[in-house]
Amino acid sequence: MDIIFGPVQSRRFGESLGVDLSPKLKQCNYDCLYCELEGKKAQESMREVLSVDEILEAIKQGLEKFPNVESLTITANGEPTLYPHLYELMLRLEDIKGDKQTLLLTNGALLWDLCVARACLLFDKVKFSLDAVSERVFKKIDRAYKSVDLAQILKGIYQFSADFKGELYAEILFVKGVNDNPQEIQEMARFLAPMPLKRLDISTIDRPPAYKVESLSLEELERIGQVFLHYKIPTFVPKRKQGSMQENLQLSQDEILKTLALRPMSESDINMLWSMESKKILESLIEIGKVKQKSINGVNFYALR
Ligand code: SF4
């Protein structure tokens, strides 16, 4: 079972080993329009739950294999805070993680829950996502489980931001015509402005999502970024890759499989290094289920299934 993923090199968080708390299937309390996993009805809780022992054993082996990673990123096929033993996992992780930093990627929907918040407070870094602050837009974009209450989520994020002693990051993903209206953007900026954010990442769809939605242009993202900067929020807008850095590596199917067997590769590395033909072969390997995609620290990468 692929509990451990990577390591992945991220400009933002360094080299990190991914820990997937739901490696077999998507389990999420949202069903976001832009999700890169398959669309699936939101659920209130995790139905398939790994044991803490199983996860710790996988982390131990991962750290033995990759002793130089800087951090462990706790994530999931879905939402990691649905994992019911997160607090126990974090307490016991202390015994094996050595000097590795811990990072949590969450949709933030459960930070109001004291049991969840208690576990999240044990991380060194937490990155939460926020897609809307108005009920209408939230319903449209995040399509949360029916008992999920936006006012409670916002209160939870706010309270967590005040209590958390580690580094706090936020991310907003913009979808054209859904959460990019000026009023929603202003309200999101007002909501985030008082928080001690280390950084806000704003982004848009850059892979085929679960549902048919459109991305924004880089210029539009840059304009939106200005609104958040106006509120003195440290905001990062991703830049496109340089075409001049293309290396155009021509790989056969066998070579691709061997390369990915040795080490998963990030999408940006593949874009930079591989030829169009090699990328087409990669797509066909994904289609027939030999290669899978995964997102860690906001970085997409590819590995053997
Ligand atoms: S984008 Fe994240 S929060 Fe949204 S449905 Fe997918 S896994 Fe869940």
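Whatever order the structure lists them in is the order used to number ligands and atoms, beginning at 1.
Under 4.0 Å is where a charged nitrogen must lie from a carboxylate oxygen, and between Glu88 and Arg92 at least one such pair does. The pair Glu220-Lys176 meets the salt-bridge criterion, with a side-chain N (NZ, NE, NH1 or NH2) lying under 4.0 Å from an Asp/Glu carboxylate O.
Atom OG1 in Thr106 sits 8.0 Å away from atom CD1 in Ile157 (nearest 0.5 Å).
Listed for the Gln159 side chain is no donor-acceptor partner under 3.5 Å among the backbone atoms of Gly156.
Residue-ligand proximity, Asn107 to ligand 1, at heavy-atom distances under 4.0 Å covers atoms 3 (S). Counting the atoms of ligand 1 from 1 in the order shown, those under 4.0 Å from a heavy atom of Cys28 are 3 (S), 5 (S), 7 (S), 8 (Fe). Within ligand 1, the atoms closer than 4.0 Å to a non-hydrogen atom of Tyr34 are 1 (S), numbered from 1 in the order shown.
Ring to ring, His85 and Tyr83 are close: their centroids are under 6.0 angstrom apart. Taking the centre of each ring, Tyr30 and Phe138 come in below the 6.0 Å mark.
Under the 4.0 angstrom criterion, atom 2 (Fe) of ligand 1 counts as lacking any protein heavy-atom contact.
Closest to atom 6 (Fe) of ligand 1 among all protein heavy atoms lies Cys35 SG, 2.3 Å. For atom 7 (S) of ligand 1, the closest non-hydrogen atom on the protein side is Gly78 CA, 3.6 Å.
At least one heavy atom of Lys26 sits less than 4.0 Å from an atom of ligand 1.
Because the distance cut-off is set at 2.8 Å, Cys32 fails to qualify as a neighbour of atom 6 (Fe) of ligand 1, as none of its N, O or S atoms comes that close.
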